[in-house]
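Residues: numbered from 1 along the sequence shown.
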Amino acid sequence: MSIYKNFYSTSALFGHPTRMAILVALSDGKALPAGEIAKMVKVSPQTTSEHLAKLMKAGFLNQQKSGKYRYYYIANPKVAEVVEGMLALSPEIEVCSMRDSLDKKALSYARTCYGYLAGNLGIQLTKAMINLDYIKDLGNSSLLTQKGYAWPQEFGLTSTKKFLTQTIPYHVDWTERKFHIAGPFALQLTKKLLTLQWLEEGTIHRSVRVTPQGHQGFVDEFGFKPAEKE
């Protein structure tokens, strides 16, 4: 039906393997130069530039110039949400080599999605915050409880009335198929965990790992020991 023409053109952008690979590469919220993106998605720089231009034109990506380089990043968190949603609907990752197995293990354990913590560790953290009565589970989202309302300031998060009272969305994790917190609250919490050096970047793009300091920090602050699997 012609009335859905705009939808068809948008879905076509997500449907191309190279463009989807670009969006997956950028869905941790960081800005990357075209050359680095080309290496990650394993296509030529020229082909990468063509796809970046289409994603820019659609408003999926923005760019910023730094010196002689242009850095590309996802323009709207809803784009990252769609990417994660499509990954969650897809069959599980097929492991064909030792490298695939190690990559899958690292990404499944802990990674960033548009800046907030995802993977098994994100799920463990969400459950811990529910168990501590910091957030109330609303089914498809959560909300800070009266006890949780005071906790962000105690932990050193920058809080406003809107920040403290807005609903905290859930995202279904595409590797674990369970939900974890997302949105501005989860983003600020993840930044704090990185600042405290409880988390650090992993060797696989988008992956993060828990530091020795972080292992103790999660026990002391949230009452759980980060584990490979729940």
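Here the closest non-hydrogen pair linking Ser141 and Pro169 is CB-CA, 4.1 Å. Heavy atoms only, all atoms of each residue included: Leu121 and Pro226 are closest at CD1-CB, 3.9 Å. Closest approach of Tyr170 to Ile130, counting heavy atoms only: OH-CD1, 3.8 Å. Residue His205 comes nearest to Asp28 through the heavy atom pair CE1-OD2, 3.6 Å, listed as atom of the first residue, atom of the second, then distance. Contact between Cys113 and Ala118 at its shortest, heavy atoms only, is CB-CB, 4.1 Å. Here the closest non-hydrogen pair linking Ser27 and Val24 is OG-O, 2.7 Å.
The other residues sharing a hydrophobic cluster with Leu138 are Leu143, where clustering joins ILVMFWY side chains under 4.5 Å apart.
Residues Leu132 and Val219 do not share a hydrophobic cluster, clusters being chains of Ile/Leu/Val/Met/Phe/Trp/Tyr side chains in contact below 4.5 Å. Residues Phe185 and Val172 fall into different hydrophobic clusters, defined by Ile, Leu, Val, Met, Phe, Trp and Tyr side chains chained together at heavy-atom separations under 4.5 Å.
Using modelled atom types and a 3.5 Å distance limit, the side chains of His180 and Tyr116 yield no donor-acceptor pair. Checking Arg209 against Thr203 by side-chain atom types alone, no donor-acceptor pair falls below 3.5 Å.
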- Task: Show the numbers, then the answer: is there a side-chain contact (heavy atoms from CB on, under 4.5 Å) between Arg111 and Asp173?
- Result: CA-CA 10 Å; Arg111 66 182 184 282; Asp173 190 89; 2.9 Å; yes
- Message: Between Phe60 and Phe14, does the ring-ring contact (aromatic ring centres under 6.0 Å, His included) criterion hold? Intermediate values first, please.
- Response: CA-CA 10 Å; Phe60 287 7; Phe14 283 106; 4.9 Å; yes
- Could you go step by step and tell me if Ile22 and Leu26 meet the side-chain contact (heavy atoms from CB on, under 4.5 Å) rule? CA-CA 6 Å; Ile22 290 172; Leu26 293 172; 4.0 Å; yes
- How far apart are the C-alpha atoms of Glu201 and Lys30, what are their side-chain angles, what is the distance that settles it, and do they pass the salt bridge (Lys or Arg N to Asp or Glu O under 4.0 Å) test? CA-CA 12 Å; Glu201 290 188 7; Lys30 294 180 180 177; 2.3 Å; yes
- Verify side-chain contact (heavy atoms from CB on, under 4.5 Å) between Leu189 and Leu125, making sure each step is shown before the conclusion. CA-CA 11 Å; Leu189 176 55; Leu125 179 59; 3.8 Å; yes
- Task: Using the salt bridge (Lys or Arg N to Asp or Glu O under 4.0 Å) rule, take Lys127 and Asp137 through it: C-alpha gap first, then chi angles, then the decisive distance, then the call.
- Result: CA-CA 9 Å; Lys127 289 188 174 182; Asp137 180 19; over 6 Å; no
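Heavy atoms from other residues, nucleotides or ligands lying under 6.0 Å from OH of Tyr69 number 12 at most. Sparse packing is recorded around NZ of Lys225, with 12 or fewer heavy atoms of other residues, nucleotides or ligands lying under 6.0 Å away. Within a 6.0 Å sphere centred on CG of Asp220, heavy atoms belonging to other residues, nucleotides or ligands number more than 12. Remark: Glu200 CD is packed, more than 12 non-hydrogen atoms of other residues, nucleotides or ligands lying under 6.0 Å away. Applying the 6.0 Å contact sphere to CD of Gln146 captures no more than 12 heavy atoms from other residues, nucleotides or ligands. Counting heavy atoms of neighbouring residues, nucleotides and ligands inside a 6.0 Å radius, atom CD of Gln197 does not exceed 12 of them.
Between Asn140 and Phe179, the closest side-chain pair of non-hydrogen atoms is not below 4.5 Å. Counting heavy atoms from C-beta on, the side chains of Val208 and Tyr109 never come closer than 4.5 Å. Contact check for Leu144 versus Thr165: no side-chain heavy atoms found under the 4.5 Å cut-off. Two residues are said to be in side-chain contact when any heavy atoms from C-beta on lie closer than 4.5 Å; Leu23 and Leu61 meet this criterion. Looking at Ile74 and Tyr114, their side chains come closer than 4.5 Å, going by heavy atoms from C-beta outward. The shortest distance between side-chain heavy atoms of Tyr134 and Pro152 does not fall below 4.5 Å.
Using cut-offs of 30° and 60° on the angle between ring planes, the pair Trp198 and Phe222 is perpendicular.
Expressed to the nearest 0.5 Å, how far NE2 of His16 lies from OG of Ser11 amounts to 13.5 Å. Distance check, rounded to the nearest 0.5 Å: CE of Met129 to CD of Gln124 gives 14.0 Å.
Residues passing the ring pair (Phe, Tyr, Trp, His ring centres under 6.0 Å) test with Tyr71, sequence neighbours excluded: none.
If you run side chain to side chain contact (heavy atoms under 4.5 Å, CB included) between Leu117 and each of Leu194, Thr112, Leu199, only Leu199 comes through.
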